[in-house]
Colleague: 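Can you read through this structure? Questions will come right after.
Residues: numbered from 1 along the sequence shown. All values derive from a computational prediction rather than experimental measurement.
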Amino acid sequence: MNTDLVTTSELFELLTKATRDAVWNWNLETNMIWWNEGYTTLFGYNTQSVVENDIASWVDHIHPDDKDRVLSSIHQVIDDGGANWADEYQFQRADGRYATVYDRGYVLYRDGKPLRMVGAMQDITERVALQKAHEESEERLRFALQSARLGTWELDPIQGIVSWDSRCQELCGLTNSPSQSYAQTLDYIHPDDRSRVQEAVQWALNPQSGGTMIPAFGL
């Protein structure tokens, strides 16, 4: 029995070293929390932080805008006898800046009583920033298209379907036709231009083209 416990402890220690996440172990009876070395790596705290500390050492670093929501959600899981918890929030680094983290945990029970909660915190700051930049770029593109009153279309090369936005339908007189086959679309192109357009589309589908149709064609 002792051998099994030692083995389990060793496996847990190896797992905490194998991940870059900030792994934590919260003793719900003593209200103390332990962090692995990933905590110092991700957030810049000194090695003295990789010991058991009062749970306030975690709570105090949650951004004020997120604190009430995070604490409410984690205690609701524990109080309701749940097993899994997850949330996304801002967590303060050692230099005072805030990282966006995705945190998730699992509650351990004995005879129906919650004893421990173990989990891992992942720094997703860069991913969130990239997603935000992508959304802002798409918003600027939508604004530019609306301002210029341009229409857009999209070709699904697998299904062979062309989808039109409302402005493109309006410009081309495609009433109530949000999509149609690629072959039907080619029928709208003047016979003198059709082969050149087909060649341009095929070139755009070639990875070497970078996704650009050259030269530009209109329908």
Colleague: Do Asp65 and Tyr98 have side chains that get closer than 4.5 Å, going by heavy atoms?
Modeller: no
Colleague: Considering residues, nucleotides and ligands other than Tyr106, do more than 12 of their heavy atoms fall under 6.0 Å from its OH?
Modeller: no
Colleague: Arg194 and Ile189: which non-hydrogen atoms are nearest, and at how many Å?
Modeller: NH2-O, 2.8 Å
Colleague: Has the side chain of Tyr182 got a donor or acceptor atom that lies under 3.5 Å from a matching backbone atom of Gln159?
Modeller: no
Colleague: Output yes when Glu199 and Arg196 qualify as a salt bridge under the 4.0 Å nitrogen-oxygen rule, no when they do not.
Modeller: no
Colleague: Does any donor atom in the side chain of Asn53 or Trp34 lie under 3.5 Å from an acceptor atom in the other side chain?
Modeller: no
Colleague: How many angstroms lie between atom CH2 of Trp153 and atom CD of Gln180, to the nearest 0.5 angstrom?
Modeller: 12.0 Å
Colleague: Using the rule that Ile, Leu, Val, Met, Phe, Trp and Tyr join whenever any side-chain heavy atoms are under 4.5 Å apart, tell me whether Leu115 and Val118 fall into a single cluster.
Modeller: no
Colleague: Looking at Asp156 and Ile158, would you say the former's side chain and the latter's main chain have a donor-acceptor pair under 3.5 Å?
Modeller: yes
Colleague: For the residue pair Arg104 and Asn84, confirm or rule out a side-chain donor-acceptor distance under 3.5 Å.
Modeller: no
Colleague: Is the distance between the ring centroids of Tyr39 and His61 under 6.0 Å?
Modeller: no
Colleague: Of all heavy-atom pairs between Asp103 and Ala120, which one has the smallest distance, and what is that distance?
Modeller: OD1-O, 3.2 Å
Colleague: Would you mind reporting whether Asp87 and Tyr102 have side-chain heavy atoms less than 4.5 Å apart?
Modeller: no
Colleague: Do Glu88 and Val128 have side chains that approach each other closer than 4.5 Å (heavy atoms only, starting at C-beta)?
Modeller: yes
Colleague: Can you spot which of Lys113, Arg110, Arg116 makes a salt bridge (charged side-chain N to carboxylate O under 4.0 Å, His left out) with Glu29?
Modeller: Lys113
Colleague: Are any side-chain N or O atoms of Thr40 and backbone N or O atoms of Glu37, one a donor and one an acceptor, separated by less than 3.5 Å?
Modeller: yes
Colleague: Check Gly44 against Ala94 and note the closest heavy-atom contact, atom names and distance.
Modeller: O-CB, 3.3 Å
Colleague: Return the minimal non-hydrogen interatomic distance between Met121 and Tyr89, and the atom names on each side.
Modeller: CE-OH, 3.2 Å
Colleague: Look at the side-chain heavy atoms of Ile, Leu, Val, Met, Phe, Trp and Tyr, link any pair under 4.5 Å apart, and say whether Leu186 and Ile161 land in one connected group.
Modeller: no
Colleague: From Ile124 CD1 over to Leu130 CG, what is the distance, rounded to the nearest 0.5 angstrom?
Modeller: 11.5 Å
Colleague: Would you say CD of Gln198 has more than 12 non-hydrogen atoms from neighbouring residues, nucleotides or ligands within 6.0 angstrom?
Modeller: yes
Colleague: Is the ring pair Trp164/Tyr188 parallel, tilted or perpendicular, if the boundaries are 30 and 60 degrees?
Modeller: perpendicular
Colleague: Short question: side chain of Asp95, backbone of Arg97 - any donor-acceptor pair under 3.5 Å?
Modeller: yes
Colleague: Heavy-atom distance under 4.5 Å between the side chains of Arg127 and Gln131, does that happen here?
Modeller: no
Colleague: Please examine the side chains of Asn206 and Gln202, heavy atoms only from C-beta on, and report whether any two atoms are closer than 4.5 Å.
Modeller: no
Colleague: Step by step, would you call Asn25 with Trp35 a side-chain hydrogen bond (donor to acceptor under 3.5 Å, both in side chains)?
Modeller: CA-CA 7 Å; Asn25 187 338; Trp35 297 92; over 6 Å; no
Colleague: Would you call the rings of Trp58 and Trp24 parallel, tilted or perpendicular, taking 30° and 60° as the class edges?
Modeller: parallel
Colleague: When rounded to the nearest 0.5 angstrom, what distance separates NZ in Lys67 from CD1 in Ile62?
Modeller: 6.5 Å
Colleague: What verdict does the side chain to side chain contact (heavy atoms under 4.5 Å, CB included) test give for Phe91 and Val70, after you've listed the backbone C-alpha separation in whole Å, the side-chain angles of each residue and the deciding distance to 0.1 Å?
Modeller: CA-CA 11 Å; Phe91 189 78; Val70 172; over 6 Å; no
Colleague: Could you check whether any side-chain heavy atom of His75 comes within less than 4.5 Å of a side-chain heavy atom of Trp85, counting everything from C-beta outward?
Modeller: no
Colleague: Where do Ala83 and Val77 come nearest, in terms of heavy atoms and distance?
Modeller: N-CG1, 4.2 Å
Colleague: Nearest 0.5 angstrom please: Met32 CE to Ile55 CD1, how far?
Modeller: 9.5 Å
Colleague: Verify, without hydrogens or angle tests, whether Thr125 (side chain) and Thr100 (backbone) share a donor-acceptor contact under 3.5 angstrom.
Modeller: yes
Colleague: Nearest 0.5 angstrom please: Asp21 CG to Asp123 CG, how far?
Modeller: 9.5 Å
Colleague: On a heavy-atom basis, which atom in Ala99 and which in Phe43 lie closest, and how many Å separate them?
Modeller: CB-CE2, 4.1 Å
Colleague: Hey, could you give me the CG/CG distance between Asn36 and Leu42, rounded to the nearest 0.5 Å?
Modeller: 8.5 Å
